Amino acid sequence: MASKKAFGVLWILLSAWICAGKISGRGRSCGFPAIYNFGDSNSDTGGKSAAMWEIVPPNGETFFGKPSGRFCNGRIVLDIIAERLGLPYLSPYLDSIGTNFRHGANFATGGSSILPGGYSPFDLDIQIGQFMQFKSRTSALYKRLRTLLPLQNILPRPRDFSKALYTFDIGQNDLNYGFQYTNETQVLASIPGLITKFSQAVSQLYNEGARFFWVHNTGPLGCLPYNVIYDQSKLNDLDRHGCVANQNKAAQEFNRQLKDKVFRLKAQLPNSAFTYVDVYSAKYKLISDASNYGFEDPHKFCCGGYYGFQVNCGAKAVVNGTVYENLCTDPSRYISWDGIHYSQAANLFISKLILNGSLSTPPNSLAEACQNPQKL
Ligand SMILES: *[C@@H]1O[C@H](CO)[C@@H](O)[C@H](O)[C@H]1NC(C)=O
Ligand SMILES: *[C@@H]1O[C@H](CO)[C@@H](O)[C@H](O)[C@H]1NC(C)=O
Ligand SMILES: *[C@@H]1O[C@H](CO)[C@@H](O)[C@H](O)[C@H]1NC(C)=O
């Protein structure tokens with residue numbers, strides 16, 4: 001009898017605790033059933049490799065044991081995001097072999113930019129168009145599923161589209177292309193147009209039923225080793241950590257406007273939840289304090305090299321009888337994998353900083369990214 005009473009009290013306490021948790025909202029996992037990602041090589045899990053040229057070894061060597069379509073020796077941040085949500089790694093939409101879209105799809109491809117006319121044909125508008133086609137075609141197929149039962153295991157459930165997490169990491173190539181072909185003034189002047197286009201893309205997804213958005217800002221462009229190498233003419237424009245100062249300044253201006261736009265979108269789109277994630281700070285923190293975190297000089301990289309001419313990761317050049325290639329023995333000690341893309345070790349470090357919400361506005365962790373606090 002006494003124990004029954006104790007059990008009752010415990011039950012009430014437990015219910016109250018659960019209720020309080022629900023009301024306060026914090027700490028409650030959103031249970032995202034799928035991820036839809038849009039971006040460039042920072043979050044490409046094999047799109048460019050499938051659509052254009054297959055990525056060669058030693059990419060993938062550390063984790064997958066073979067090239068995995070990623071510009072990395074192992075996992076990228078998006079892979080860690082999938083792991084944290086208990087979902088499989090995302091298949092690239094553009095890959096026609098061995099894909100599974102049950103828990104989402106990845107529209108990111110290496111070289112992609114927000115606006116068309118950059119390094120890749122798959123700009124953000126195209127990626128959104130691909131998503132819309134993906135959604136309408138899978139929804140149509142689903143209606144006929146009784147005759148196509150095995151497809152249930154590889155297609156998304158239509159009802160999951162509005163429960164999924166929509167992730168973005170794009171803008172770096174717009175800025176990089178700008179610095180390559182125009183000047184700083186023009187790059188800064190191009191930013192409002194980029195932000196407008198980004199905002200239109202988000203609104204289109206919202207109209208398709210997307211509600212939960214996880215937006216990475218852009219990293220410190222001027223710290224990419226190749227950008228430092230190419231900008232030797234600007235040696236007096238390096239910041240105190242050896243990064244190209246005006247490129248980082250432009251990245252920060254892009255981020256300032258992006259954050260402002262995300263704030264406006266959240267106010268405009270009812271029942272939406274936005275998490276703005278300061279990836280820039282995570283990357284810059286790692287680069288500016290590399291040795292303290294056990295890494296080599298942040299401007300060195302592991303695969304490929306520059307000898308007055310560029311030898312890409314996995315390539316070999318023979319000039320005047322000399323063979324030029326470069327493979328480091330311990331990728332875990334390098335922040336940059338190939339002079340442009342981060343190593344798995346760096347990606348794990350960055351993920352640790354960004355996924356618990358400490359660099360996010362509002363401070364949602366990944367699992368809480370469906371929360372919609374009034375203030376951003
Ligand atoms: C940047 O380029 C534009 C267009 O060519 C030119 O008018 C402007 O003077 C340049 N600005 C700087 C600071 O070089
Ligand atoms: C290769 O040899 C040519 C002719 O001697 C020379 O002009 C060129 O700079 C050499 N290239 C390299 C990378 O050493
Ligand atoms: C998030 O993780 C970082 C890195 O481990 C840590 O320094 C920070 O205190 C954590 N923040 C929260 C809110 O848990």
Side-chain angles (χ1 to χ4, degrees), residues 21 24-30 75 77 80-81 83-85 115 117 174-194 214 216-217 219 222 226 229-234 236-237 244-250 253-254 273 275-295 304-312 315-326 332 335 339 342-371 373 375-376:
S24 80
R26 290 271 153 199
R28 196 157 59 97
S29 170
C30 301
R75 286 163 292 171
V77 171
I80 318 294
I81 287 180
E83 284 178 6
R84 287 287 180 88
L85 294 177
L115 286 177
D174 295 272
L175 301 180
N176 202 68
Y177 194 86
F179 276 106
Q180 197 172 342
Y181 295 106
T182 70
N183 62 33
E184 182 185 351
T185 314
Q186 289 166 298
V187 171
L188 292 173
S190 75
I191 294 174
L194 300 177
W214 177 268
H216 287 183
N217 71 5
Y226 269 128
I229 290 166
Y230 290 146
D231 249 296
Q232 298 265 312
S233 60
K234 289 191 179 160
N236 52 4
D237 187 36
V244 183
N246 70 341
Q247 294 188 355
N248 280 357
K249 208 173 90 188
E253 176 57 22
F254 173 89
T275 309
Y276 169 88
V277 188
D278 188 6
V279 172
Y280 183 105
S281 292
K283 289 179 173 173
Y284 200 73
K285 183 183 170 87
L286 175 59
I287 287 160
S288 58
D289 209 3
S291 64
N292 190 28
Y293 296 119
F295 287 92
Y306 190 78
Y307 311 92
F309 52 91
Q310 184 173 332
V311 179
N312 288 329
K316 204 184 274 188
V318 184
V319 180
N320 297 348
T322 306
V323 179
Y324 294 89
E325 68 174 332
N326 172 44
S332 73
I335 291 173
Y342 288 78
S343 68
Q344 171 176 278
N347 288 332
L348 290 168
F349 180 95
I350 294 158
S351 300
K352 199 171 168 196
L353 282 181
I354 63 169
L355 299 186
N356 69 5
S358 57
L359 291 176
S360 297
T361 317
N364 284 334
S365 73
L366 178 68
E368 300 167 338
C370 63
Q371 313 282 350
K375 278 191 177 161
L376 249 191

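Nothing here was measured: the structure is a model prediction, and the numbers come from that model. Nothing fancy with the numbering, it's 1 onward along the sequence. Counting convention: from 1, in listed order, for ligands and their atoms alike.
- Using a 4.0 Å cut-off to heavy atoms of F309, the atoms of ligand 2 that qualify are 13 (C).
- Interface atoms of ligand 3 facing L353, defined by a heavy-atom separation under 4.0 Å, are 4 (C).
- Here is the list of ligand 3 atoms found below 4.0 Å of a heavy atom in N356: 1 (C), 2 (O), 3 (C), 8 (C), 10 (C), 11 (N), 12 (C), 14 (O).
- Ligand 2 has no atom lying under 4.0 Å from any heavy atom of Y307.
- A distance below 6.0 Å separates the ring centres of Y306 and Y230.
- For atom 11 (N) of ligand 3, a protein heavy-atom neighbour is present inside the 4.0 Å cut-off.
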Would you sort out whether H216 and I81 count as a side-chain contact (heavy atoms from CB on, under 4.5 Å), showing the intermediate values? CA-CA 12 Å; H216 287 183; I81 287 180; 4.0 Å; yes

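- Counting only heavy atoms of the protein, atom 3 (C) of ligand 1 lies nearest to N183 ND2, 3.6 Å.
- Rounded to the nearest 0.5 Å, atoms CD1 (I80) and CG (L355) are 8.0 Å apart.
- Y284 contributes no side-chain N or O that, together with a main-chain N or O of V279, makes up a donor-acceptor pair within less than 3.5 Å.
- Residues W214 and N364 share a closest heavy-atom pair of CZ3-O, 4.0 Å.
- Note that atom 7 (O) of ligand 1 has no protein non-hydrogen atoms nearby, at separations under 4.0 angstrom.
- Looking at L286 and L353, their side chains never come closer than 4.5 Å, going by heavy atoms from C-beta outward.
- Nearest protein heavy-atom neighbour of atom 5 (O) of ligand 1: Q186 NE2, 4.1 Å.
- Checked by atom type and distance alone, the side chain of D278 pairs as donor or acceptor with a backbone atom of S281 at under 3.5 Å.
- Closest to atom 13 (C) of ligand 2, if we only count protein heavy atoms, is V319 CG1, 3.4 Å.
- Counting only heavy atoms from C-beta outward, the side chains of K285 and Y293 approach each other to under 4.5 Å.
- The N/O atoms of N320, backbone and side chain alike, include one that comes under 3.5 Å of an N/O atom in ligand 2.
- The atoms of ligand 3 that sit less than 4.0 Å from any heavy atom of K352 are 2 (O), 5 (O).
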